[in-house]
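Everything below concerns the one structure shown next.
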Amino acid sequence: MTNRLWQLAARPEGVPTAEHFRLVEEEVPAPGPGQVVVRNEVMSVDPAMRGRMNDVPSYVAPFQLDQPLEGGAVGTVVASESPDVPVGASVLHGLGWREYALLDARHTRVVDTAAAPPSAYLGVLGMPGLTAYAGLLDVAHMKPDENVFISGAAGAVGSLAGQIARLRGARLVIGSAGSAAKVKYLVDDLGFDAAFNYKDGSVRTQLKQLTPDGIDVYFDNVGGEQLEAALFRMNLHGRVAVCGAISQYNTPDARGIRNLSLLISKRITLQGFLVMDHWGRRQAFVEEMTGWLRENKVQVPETFVDGIEHAPDAFLGMLRGENLGKMIVRF
Ligand SMILES: NC(=O)c1ccc[n+]([C@@H]2O[C@H](COP(=O)([O-])OP(=O)(O)OC[C@H]3O[C@@H](n4cnc5c(N)ncnc54)[C@H](OP(=O)(O)O)[C@@H]3O)[C@@H](O)[C@H]2O)c1
């Protein structure tokens with residue numbers, strides 16, 4: 001049987017392109033003791049993968065040149081040498097970017113695809129969902145009746161952070177996104193109180209108009225200009241959960257934040273975080289999110305790109321904002 005998988009062909013400087021990826025074929029390997037072979041059905045493309053294309057030390061190892069890329073995926077076990085994870089089981093694991101993944105069974109987690117579709121474990125019930133939940137509640141310590149601003153609000157993390165803020169009793173939930181259609185979706189479908197297109201002129205002016213009583217919590221997915229604008233609008237003792245800085249991932253020499261002295265006068269807390277430090281909250285998060293889903297209180301936007309041969313297109317498209325909610329590659 002033939003396996004198709006994507007390798008890192010070259011390291012990008014600035015915006016990655018198709019030339020940085022290479023599709024190769026190999027034989028599907030047989031599992032050794034304790035191992036399984038998984039036929040992937042869906043895989044995630046994440047902004048963090050852009051960071052792993054750089055050869056720099058970080059919290060997760062960089063992708064290696066001429067080696068397969070990695071990332072979250074869900075599939076079905078088709079061969080198993082592990083009594084714990086039998087053939088037919090659906091599993092979540094970290095070896096996406098390939099049709100068949102060979103890995104130790106202990107590096108997989110069995111998921112219930114009758115209870116939720118496979119893509120849910122890469123989004124609303126998975127890493128992005130927990131990021132939104134922990135960032136908002138444990139890092140920014142959002143409380144009822146607070147004013148919340150979320151950038152990147154129409155993406156995987158942002159769309160959930162905004163809905164969690166609403167369900168947890170925020171007084172005002174404001175979002176930003178990169179198109180008129182996304183802005184409309186945030187208000188009409190996800191229940192944001194208001195939203196704006198950060199490409200429509202001054203972010204600072206638009207945010208000021210929508211937050212007459214200031215911002216208590218800012219969930220920052222993009223950094224740069226929007227972080228600066230939010231700091232101007234933060235209330236006394238405001239909290240910023242610094243989740244991501246996607247506006248700078250392809251432009252490392254982007255200019256800095258010029259108003260950090262506001263942290264002093266307004267006693268603002270600016271707290272960076274990584275979801276991997278919050279796995280302890282997974283059970284509480286899954287329970288609460290499952291309840292909201294059952295009661296139809298949370299919408300789950302997803303954008304699908306079909307075919308492993310289009311995986312780089314999905315990744316590059318996500319970086320350009322072509323996704324509404326979670327970007328998923330469907331095999
Ligand atoms: N700290 C953690 O543990 C953790 C975990 C997961 C994700 N993250 C971070 O959270 C953020 C969102 O991740 P995600 O997986 O939910 O991705 P996503 O929001 O689903 O997709 C990325 C989005 O970024 C937006 N974008 C691209 N360039 C931008 C720019 N210059 N300025 C503003 N927005 C831009 C695009 O939407 P528009 O159309 O709106 O531009 C695009 O849809 C990322 O920064 C990611 O690195 C952090």
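Just so you know, ligand 1 is whichever comes first in the structure, and atom 1 is the first atom listed for that ligand.
- Leu5 belongs to a hydrophobic cluster with Val24, counting contacts under 4.5 Å between side-chain heavy atoms of Ile, Leu, Val, Met, Phe, Trp and Tyr, direct or through other members.
- Partners of Tyr133 under the ring-ring contact (aromatic ring centres under 6.0 Å, His included) rule, at least two apart in sequence or in another chain, are Phe285.
- The only member of Val157, Asp46, Leu92 that meets side-chain contact (heavy atoms from CB on, under 4.5 Å) when paired with Met127 is Asp46.
- Residues Arg22 and Asp66 are paired through a salt bridge, judged by an N-O separation under 4.0 Å between the basic side chain and the carboxylate.
- Within 4.0 Å of ligand 1, heavy atoms belong to protein residues Pro47, Met127, Thr131, Gly155, Ala156, Val157, Ala177, Gly178, Lys182, Tyr198, Asn221, Val222, Cys243, Gly244, Ala245, Ile246, Ser247, Tyr249, Phe273, Leu274, Val275, Met318, Leu319, Gly321, Asn323, Gly325.
- For Arg294, the side-chain contact (heavy atoms from CB on, under 4.5 Å) partners are Thr290, not counting sequence neighbours.
- Under a 4.0 Å N-O distance rule, the pair Lys182/Asp189 does not qualify as a salt bridge.
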